[in-house]
Amino acid sequence: MPIAYLSRRESFSAAHRLHSPELSDADNVAIFGKCNNPNGHGHNYEVEVVIRGEIDPRTGMVMNLTDLKEIMRQAIMEPLDHKHLDKDVPYFATVPSTTENLAVYIWRQLVPLLPAGRLYEVCIHETDRNVIIYRGD
Ligand SMILES: Nc1nc2c(c(=O)[nH]1)N=C([C@H](O)[C@H](O)COP(=O)(O)OP(=O)(O)OP(=O)(O)O)CN2
Ligand SMILES: [Zn+2]
């Protein structure tokens with residue numbers, strides 16, 4: 001059966017501060033600059049989830065996009081939208097809330113909600129110019 005890649009995009013707004021507990025305050029400022037501002041800053045993140053799978057001959061679907069929408073609501077929108085990543089999401093209490101780490105977090109949120117092996121990629125646009133792609137490596 002043919003294999004297709006299906007994706008859905010959602011956007012969410014969140015605040016964060018780039019800061020690593022592994023580094024001194026001086027090194028945090030030196031490395032993260034303005035993004036280490038103690039009061040944080042925000043982004044309107046765009047996240048795209050890509051599912052890989054065979055097209056079911058009965059339904060013509062890789063998976064129902066309605067189901068993917070609900071899964072993304074649970075895995076992404078509910079824990080992240082209108083939150084401060086470092087203060088409201090326990091995962092980021094000690095993990096720097098870079099877009100790379102956010103993509104890994106979202107991947108790990110999605111895996112248990114999807115059929116095994118179906119999740120192909122998480123792509124996050126942090127700004128119009130900053131994009132991170134994670135494929136589970
Ligand atoms: N490898 C990474 N580098 C940076 C990240 C990241 O997640 N991974 N994040 C930031 C900051 O969060 C910052 O908000 C974004 O950086 P920057 O591009 O400087 O932000 P701007 O507001 O200037 O937006 P652009 O439109 O992208 O210029 C920094 N580095
Ligand atoms: Zn930022």
Discussion item. Between the side chains of R8 and E48, is the shortest nitrogen-to-carboxylate-oxygen separation below 4.0 Å, so that they form an ion pair?
Written reply: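 No salt bridge links E48 with R8.
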Worksheet item: Any salt bridge between D137 and R135, counting N to O under 4.0 Å?
Response: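 A salt bridge is absent here (no side-chain N lies under 4.0 Å from a carboxylate O).
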Out of curiosity, [X] [atom1] to [Y] [atom2], how far, rounded to the nearest 0.5 Å?
X	Y	atom1	atom2	result
T94	E22	OG1	CD	8.0 Å
N64	T59	CG	OG1	8.0 Å
L68	S7	CG	OG	8.5 Å
H82	H84	NE2	NE2	14.0 Å
Y45	T99	OH	OG1	5.5 Å
E54	M1	CD	CE	4.0 Å

May I ask whether [X] and [Y] are part of the same hydrophobic cluster, defined by side-chain heavy atoms of I, L, V, M, F, W, Y residues being less than 4.5 angstrom apart, directly or through others?
X	Y	result
L6	I71	yes
V95	L18	no
V50	M61	no
L114	M72	yes
Y134	V111	yes

Worksheet item: Given the rule in the side chain to side chain contact (heavy atoms under 4.5 Å, CB included) test, do M77 and K69 qualify, once you have shown the distances and angles that lead to the verdict?
Response: CA-CA 10 Å; M77 305 307 288; K69 176 178 176 181; over 6 Å; no
Discussion item. Under the criterion side chain to side chain contact (heavy atoms under 4.5 Å, CB included), I'd like the reasoning laid out for V131 against I124: C-alpha separation, chi angles, the key distance, then a yes or no.
Written reply: CA-CA 6 Å; V131 186; I124 304 178; over 6 Å; no
List the atom of [X], the atom of [Y], and the distance in Å for their closest heavy-atom pair.
X	Y	value
A103	I132	CB-CG2, 4.3 Å
R118	V62	NH1-O, 3.0 Å
V47	F12	CG1-CE2, 4.0 Å
V122	W107	CG2-CE3, 3.9 Å
L113	A75	CD1-CB, 3.9 Å
P112	Q109	CD-O, 3.5 Å

Worksheet item: Are more than 12 heavy atoms from other residues, nucleotides or ligands located less than 6.0 Å from atom CG of N130?
Response: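 Yes - once you tally the heavy atoms of other residues, nucleotides and ligands closer than 6.0 Å, there are more than 12.
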Practice prompt. Would you check, one step at a time, whether the test side chain to side chain contact (heavy atoms under 4.5 Å, CB included) holds for Y5 with I51?
Written response: CA-CA 6 Å; Y5 295 76; I51 304 296; over 6 Å; no
Discussion item. Working note: E121 + R52, criterion side chain to side chain contact (heavy atoms under 4.5 Å, CB included); need CA distance, chi angles, decisive distance, verdict.
Written reply: CA-CA 9 Å; E121 179 180 294; R52 177 184 184 276; over 6 Å; no
Discussion item. Just to verify, which of N37, N28, N36, N39 counts as forming a side-chain contact (heavy atoms from CB on, under 4.5 Å) with R17?
Written reply: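 Testing each of N37, N28, N36, N39 against R17, the sole residue satisfying side-chain contact (heavy atoms from CB on, under 4.5 Å) is N36.
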Item to complete: Decide side-chain hydrogen bond (donor to acceptor under 3.5 Å, both in side chains) for S13 and N44; before the verdict, give the C-alpha distance in whole Å, the side-chain angles of both, and the deciding distance to 0.1 Å.
Response: CA-CA 4 Å; S13 300; N44 295 314; 2.7 Å; yes
Discussion item. For H16, run the side-chain hydrogen bond (donor to acceptor under 3.5 Å, both in side chains) check against H43, K87, K83 and tell me which one passes.
Written reply: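 Going through H43, K87, K83 one by one, the side-chain hydrogen bond (donor to acceptor under 3.5 Å, both in side chains) with H16 is satisfied by H43 alone.
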Worksheet item: So, S97 and D86: side-chain donor and acceptor under 3.5 Å apart, yes or no?
Response: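 Result is yes, a qualifying pair exists.
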Worksheet item: What is the ring orientation for Y105 with Y91, classed by angle as parallel under 30°, tilted 30 to 60°, or perpendicular over 60°?
Response: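 Because their plane-to-plane angle lies in the 30° to 60° range, the rings of Y105 and Y91 count as tilted.
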